[in-house]
Protein chains: 2
Amino acid sequence: MADVEMALALLRSKGERVTKARRAVLRALAERPHQDAESVAALVASADPGVHRATIYRNLQSLVDAGVVSHTHVPDAATIYHLSVTGHRHTHLQCVRCGRMVDIPLEWVSPLADRVRDELGFELDAGHAALLGTCRDCAAS
Amino acid sequence: MADVEMALALLRSKGERVTKARRAVLRALAERPHQDAESVAALVASADPGVHRATIYRNLQSLVDAGVVSHTHVPDAATIYHLSVTGHRHTHLQCVRCGRMVDIPLEWVSPLADRVRDELGFELDAGHAALLGTCRDCAAS
DNA sequence: TTATGTGCAAACTGTTTGCGCGAAG
DNA sequence: CTTCGCGCAAACAGTTTGCACATAA
């Protein structure tokens with residue numbers, strides 16, 4: 001949970017306030033690393049009832065803005081969040097059939113990232129949206 | 001508009017029915033190649049009033065299922081659709097700051113696609129979700 | 001004629017917002 | 001003590017669904 005303390009310190013240094021709700025959100029993210037907002041809300045509710053869902057959403061937003069938390073957009077599903085600190089940087093692959101998510105190292109995407117940077121000046125953020133496809137098991141059937 | 005005829009033929013060959021609404025949806029997609037459902041609805045409404053929005057959504061869905069139309073998920077925005085036939089296959093890059101979309105050839109993604117296929121058996125569908133990052137102009141500021 | 005598509009209204013999920021109260025700094 | 005965060009309820013966008021009627025095949 002040193003991650004939580006680090007995140008809180010970073011938050012404070014950015015001039016953001018540290019509240020019970022924010023602490024709870026960060027604790028939830030430390031506990032389970034790839035959650036959507038509703039899951040965070042559930043976890044927070046069980047540890048610390050009385051925190052409103054809207055507050056969870058607002059806090060996830062401001063934590064992302066502060067750079068303490070990162071999120072990944074998942075097509076046809078809720079955005080998932082994780083602590084930036086913890087972030088062994090990776091990209092998500094999602095199977096369009098079974099919905100299962102697989103992580104791949106960010107280096108695998110480097111050739112593509114280099115190419116779009118060189119040719120278009122576009123700075124790719126490969127972890128920011130999940131890539132889609134069909135996993136081995138589903139492809140077999 | 002030969003694209004529309006082709007798409008209709010393909011549709012019929014799959015046992016799907018050809019209706020006024022479906023024709024209108026395909027015409028709209030032929031006319032403007034990267035639209036979301038609401039835009040299609042607007043275009044259809046102006047050419048062919050009386051087609052309900054729900055029908056647009058249902059048809060886009062079944063056209064995708066039939067392989068006649070493809071869609072791309074765009075984070076924080078509506079899914080965009082295009083005729084598969086027309087589809088010079090490409091992947092979309094979206095700037096998280098200005099929202100602008102840039103197309104890149106699918107080949108650029110091949111090294112990554114090959115790698116996930118070889119190592120994970122995962123069949124990547126690179127065009128299916130937009131990739132995120134920061135475009136040159138926004139990176140400059 | 002019969003399975004499939006359609007219009008309509010209503011539900012649903014994920015998320016955001018305006019408001020006045022409460023607590024962090 | 002003042003600014004920022006909070007709880008609440010309500011709105012929001014995008015999309016889906018159950019039903020009875022209409023229509024393509």
Side-chain angles (χ1 to χ4, degrees), chain A residues 7-26 28 34-45 47-66 68-69 71-81 94 96 99 129-130, chain B residues 7-26 28 34-45 47-66 68-69 71-81 99 129-130:
Chain A
L8 288 171
L10 184 53
L11 240 199
R12 206 175 267 122
S13 79
K14 301 244 179 182
E16 297 282 322
R17 288 186 183 174
V18 173
T19 67
K20 187 174 57 160
R22 290 186 174 175
R23 233 186 294 266
V25 167
L26 290 173
H34 277 97
Q35 294 171 85
D36 61 30
E38 292 301 326
S39 160
V40 171
L43 225 47
V44 167
D48 218 323
V51 176
H52 199 271
R53 266 169 12 97
T55 302
I56 306 285
Y57 279 95
R58 269 192 287 232
N59 281 343
L60 286 169
Q61 183 61 46
S62 47
L63 292 170
V64 167
D65 291 346
V68 175
V69 165
H71 62 275
T72 300
H73 298 280
V74 184
D76 287 334
T79 300
I80 56 177
Y81 296 84
Q94 181 175 238
V96 293
Chain B
L8 287 171
L10 184 52
L11 240 200
R12 205 175 267 122
S13 79
K14 301 244 177 180
E16 297 282 321
R17 288 188 183 171
V18 172
T19 68
K20 189 174 54 160
R22 290 186 174 174
R23 233 186 294 266
V25 166
L26 290 173
H34 277 97
Q35 295 171 83
D36 61 31
E38 293 302 326
S39 161
V40 171
L43 225 46
V44 166
D48 219 323
V51 176
H52 199 271
R53 280 194 20 253
T55 302
I56 306 284
Y57 279 95
R58 269 191 288 230
N59 282 343
L60 286 169
Q61 182 62 47
S62 47
L63 292 170
V64 167
D65 291 346
V68 175
V69 166
H71 62 276
T72 301
H73 299 281
V74 184
D76 288 333
T79 300
I80 57 177
Y81 296 83

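Keep in mind the model is a prediction, meaning the values are calculated, not measured. Computed over heavy atoms, backbone and side chain alike; hydrogens, waters and symmetry mates excluded. The sequence lines fix the lettering, A, B, ..., with proteins before strands; numbering per chain opens at 1.
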Encode nucleotides 20-25 of chain D as B, S and - characters from 5' to 3', where the letter depends on protein heavy atoms closer than 4.0 Å: B to the base, S only to sugar-phosphate, - to neither. ---BBS
All N/O contacts under 3.5 Å from nucleotides 12-14 of chain C to the protein, with atom names and distances to one decimal?
none

Output yes when a side-chain donor or acceptor of B:E16 lies under 3.5 Å from a complementary backbone atom of B:S62, and no otherwise. no
In whole angstroms, how far is the P atom of C:dT15 from the CG atom of A:L60? 9 Å
Rounded to the nearest angstrom, tell me the gap between atom CD1 in B:I80 and atom P in D:dT15. 12 Å
Report the C-alpha distance between A:R22 and A:L11 in whole Å, list the side-chain angles of each, state the deciding distance to 0.1 Å, and finish with yes or no for side-chain contact (heavy atoms from CB on, under 4.5 Å). CA-CA 10 Å; A:R22 290 186 174 175; A:L11 240 199; 4.1 Å; yes
Measure from NZ on A:K14 to P on C:dA24 and round the result to the nearest Å. 23 Å
Whole-Å distance, B:D48 CG to C:dT6 C1', equals 13 Å
Less than 4.5 Å apart, side chain to side chain, heavy atoms only: is that true for A:N59 and A:L26? no
Using a 4.0 Å heavy-atom cut-off, does A:A54 contact any base of the nucleic acid, only the sugar-phosphate backbone, or nothing at all? base
Which heavy-atom pair separates B:A24 from B:V44 by the least distance, and what is that distance? O-CG2, 3.7 Å
Any chance you could lay out the side-chain contact (heavy atoms from CB on, under 4.5 Å) test for B:H52 and B:Y57, step after step, and finish with the verdict? CA-CA 9 Å; B:H52 199 271; B:Y57 279 95; over 6 Å; no
I want to check something: taking the side chain as every heavy atom from C-beta on, are B:K20 and B:D48 in contact at a cut-off of under 4.5 Å? yes
Give, for atom CG of A:D36 and atom CD1 of A:I56, the distance between the pair rounded to the nearest 0.5 Å. 11.5 Å
Output for pair (A:L8 CG, A:R23 CZ), nearest 0.5 Å, gives 6.0 Å
Roughly how many Å is it from CZ in A:R22 to P in C:dA23, rounded to a whole number? 16 Å
For atom CD1 of B:I56 and atom C1' of D:dG14, their distance in whole Å: 14 Å
Measure CG/A:L11 against P/C:dA24 and give the value in whole Å, please. 15 Å
Length of the line joining B:R58:CZ and C:dC8:P, which is rounded to integer Å: 12 Å
Let's go through B:Q35 and B:L43 carefully: what are the C-alpha distance in whole Å and the side-chain angles of both, what is the deciding distance for side-chain contact (heavy atoms from CB on, under 4.5 Å) to 0.1 Å, and is it a yes or a no? CA-CA 10 Å; B:Q35 295 171 83; B:L43 225 46; 3.4 Å; yes
